[in-house]
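Here is the structure we will look at.
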Amino acid sequence: MMNLISSKRYNYLDLIKVIAIYLVCFYHVANLNYNIVENSSSFIYFNYFIKTILSPCVPLFFMVNGALLLNKEYDLKKHIKKTVRLFILTFIWGIILLSVYGVIMKDSYTIITFIKSLITWKEGRLNLLWFLQTLTCIYILFPIIKFLYDNNKKILNYLLIIIAIFTFGIVILDMILNIIQIILSGHIVYDGLLNTICDKFNPFKGFYSYSIVYFILGGILFEKIKNNDIKITNVKLLLISSVSCLILFGYGILISKNMNNLCDIAWYGYNTIMTLLTSTSIFIFCSKLENNIKHTKFLTIISSNTLGIYLLHCMINRIISPYYISISISSNFIINIIYTFVILLISLVIVFILKKIPIIKELFKLG
């Protein structure tokens, strides 16, 4: 019988969530020039490498969710209600984001165009909701995953491997094919060729199904860490994550230069083996700090409000950024580290205030 998670708060999971939300904020608000296609200076390449490092941001959230949900008991009826709630909450936030951005960006809607924008998840307005959409899909599948996790690890491992093959596996093979095409012909003839061929046979297309791998992996890692089954040194973890980031960085450069179009290697890195290895390394490394992390109220507060920060930080940045980018030093790396922290804190304060208001506070709860 597996050891279910207790009511104890695990500091390292809080730390991972704080790291993840900071990386998410940095990805969205930093005013750095990443365009290595238009500018080949060492500073631009440095910025692009930083963007590569941001790739584990959202995967870490899926891993923490898996760690917490798969290692505790659950009630099916309550879970179904929670899933329906998350589905409805996603659309409510869609309405809120469209409305707020409508004011900020001076969008004009009729009732029909507003509904159409909501249903089609209008680009540049509702992009953030992909995370809630994906989490809803995981919640729909969760009872099956949880049953296998508790009762049949053999079938669970089969499921994990199959999903990994149809997500990370296809992507890495496509990356290799792209590299071969560049070597042989000097350019990419067919981008995503293997993915196109396998598309009709892929049972996991239609949403970001690689997230299930992160989710299950988070649960497995948590259990192994709790049982002290993971024996890997910090040096090896650093080596794995460093090499993974460098490979992803190099591939991003190759594709960007070849396609003459900047590749967002953070976003497109989510379903790569390199980001999977980096995310796993960060998760394990943070777990090693469990006994060294002082239980601070500040860490707990940020960790407990990551959903709200995630949903609000882009809107806050949209309001502040015109003033920020007008400052001559706004493209400085160190300044952007500070600016990101400021946006995170402002978002946190607003969430903290809103959660004091009855009914409104329900907008920041997943269950």
Side-chain angles (χ1 to χ4, degrees), residues 20 55-70 74 76 79-80 82-84 86-87 90 119-121 126-178 190-222 244 248 251 255 263-280 283 366:
S55 190
C57 58
V58 177
L60 287 172
F61 277 123
F62 289 126
M63 293 178 77
V64 172
N65 266 275
L68 293 172
L69 293 179
L70 288 173
Y74 86 109
L76 181 58
H79 178 75
I80 292 174
K82 185 177 180 180
T83 304
V84 173
L86 181 56
F87 177 79
T90 303
I119 294 174
T120 57
W121 305 109
L126 304 183
N127 304 57
L128 282 175
L129 294 182
W130 81 268
F131 175 74
L132 294 184
Q133 296 165 0
T134 304
L135 201 58
T136 302
C137 292
I138 292 177
Y139 277 22
I140 291 171
L141 296 173
F142 177 74
I144 299 171
I145 297 172
K146 174 63 173 170
F147 177 81
L148 295 177
Y149 185 82
D150 290 345
N151 302 288
N152 198 325
K153 285 288 178 32
K154 190 173 183 179
I155 300 299
L156 178 74
N157 291 334
Y158 167 80
L159 178 65
L160 184 62
I161 292 171
I162 290 298
I163 298 175
I165 289 173
F166 279 100
T167 52
F168 297 94
I170 290 177
V171 169
I172 193 64
L173 289 176
D174 261 331
M175 291 172 72
I176 294 172
L177 283 175
N178 286 343
Y190 299 107
D191 187 18
L193 176 62
L194 187 62
N195 190 45
T196 301
I197 294 173
C198 296
D199 183 65
K200 300 300 181 183
F201 303 95
N202 189 350
F204 303 105
K205 66 179 182 179
F207 80 107
Y208 306 102
S209 50
Y210 59 81
S211 60
I212 301 176
V213 176
Y214 286 112
F215 183 82
I216 296 175
L217 182 60
I220 293 173
L221 285 175
F222 179 88
S244 297
L248 191 60
Y251 182 76
I255 296 300
C263 174
D264 186 346
I265 203 61
W267 169 260
Y268 289 107
Y270 291 165
N271 58 351
T272 66
I273 291 176
M274 289 75 78
T275 297
L276 180 66
L277 290 173
T278 303
S279 302
T280 301
F283 193 98
L366 289 178

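Along the sequence shown, the residues carry numbers beginning at 1. Values below: every heavy atom of this structure, side chains too, minus hydrogens, waters and symmetry copies.
Remark: Y270 pairs with no residue by the side-chain hydrogen bond (donor to acceptor under 3.5 Å, both in side chains) rule, at least two apart or across chains. By the side-chain contact (heavy atoms from CB on, under 4.5 Å) test, Y74 pairs with L76, H79, F142, P143, K146, sequence neighbours left out. Looking at residues two or more places apart in sequence or on another chain, you find no side-chain hydrogen bond (donor to acceptor under 3.5 Å, both in side chains) involving N152. Every side-chain contact (heavy atoms from CB on, under 4.5 Å) that N65 has, sequence neighbours left out, goes to L69, L135, Y139, F215. In this structure, the side-chain contact (heavy atoms from CB on, under 4.5 Å) partners of I144, at least two apart in sequence or on a different chain, are L148. Taking T90 as the reference, nothing meets the side-chain hydrogen bond (donor to acceptor under 3.5 Å, both in side chains) condition, with sequence neighbours excluded. Remark: N157 engages no residue in a side-chain hydrogen bond (donor to acceptor under 3.5 Å, both in side chains) (not counting sequence neighbours). Under the side-chain contact (heavy atoms from CB on, under 4.5 Å) criterion, F204 pairs with L159, I162, I163, F166, N202, S209, sequence neighbours left out.
Heavy atoms only, all atoms of each residue included: M63 and S279 are closest at SD-CB, 3.8 Å. Closest approach of I265 and Y251 over heavy atoms only: CD1-CD2, 4.5 Å. Closest approach of T272 to M175, counting heavy atoms only: CG2-SD, 4.0 Å. The minimum heavy-atom distance linking G218 with F283 is given by the pair O-CZ, 4.0 Å. Of all the heavy atoms in T167 and Y210, the pair that sits closest is CG2-N, 3.7 Å. When all heavy atoms are compared, the tightest approach of G269 to T275 is O-OG1, 2.7 Å.
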> So L160 and L156, side-chain contact (heavy atoms from CB on, under 4.5 Å) or not? Walk me through it.
Replying inline: CA-CA 6 Å; L160 184 62; L156 178 74; 5.5 Å; no

>> Apply side-chain contact (heavy atoms from CB on, under 4.5 Å) to residues V58 and W130 and explain how you reach the verdict.
In response: CA-CA 11 Å; V58 177; W130 81 268; 3.6 Å; yes

> Given L248 and T278, is the side-chain contact (heavy atoms from CB on, under 4.5 Å) satisfied, shown in steps?
Replying inline: CA-CA 10 Å; L248 191 60; T278 303; over 6 Å; no

> Can I255 and Y268 be said to form a side-chain contact (heavy atoms from CB on, under 4.5 Å), step by step?
Replying inline: CA-CA 12 Å; I255 296 300; Y268 289 107; over 6 Å; no

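Contact of the F131 side chain with the Y208 side chain is not registered, since no non-hydrogen atoms from C-beta on lie closer than 4.5 Å. Using a 4.5 Å cut-off on side-chain heavy atoms (C-beta onward), L177 and L173 make no contact. Taking the side chain as every heavy atom from C-beta outward, I212 and F62 never approach each other to under 4.5 Å.
The line from CG of L366 to CG of L132 is 7.0 Å long, rounded to the nearest 0.5 Å. To the nearest 0.5 Å, the span separating OG on S211 from CD1 on I216 amounts to 9.5 Å. With rounding to the nearest 0.5 angstrom, the OG1 atom of T280 is 6.0 Å from the CG atom of L221. A distance of 4.5 Å separates CG of L276 from CZ of F168, quoted to the nearest 0.5 Å. Atom-to-atom distance recorded for T83:OG1 and I140:CD1 is 7.0 Å, nearest 0.5 angstrom.
Partner of N271 under the side-chain contact (heavy atoms from CB on, under 4.5 Å) criterion, chosen from V171, I172, I170: V171.
With hydrogens and angles disregarded, a donor-acceptor distance shorter than 3.5 Å links the side chain of Y149 to the backbone of G219.
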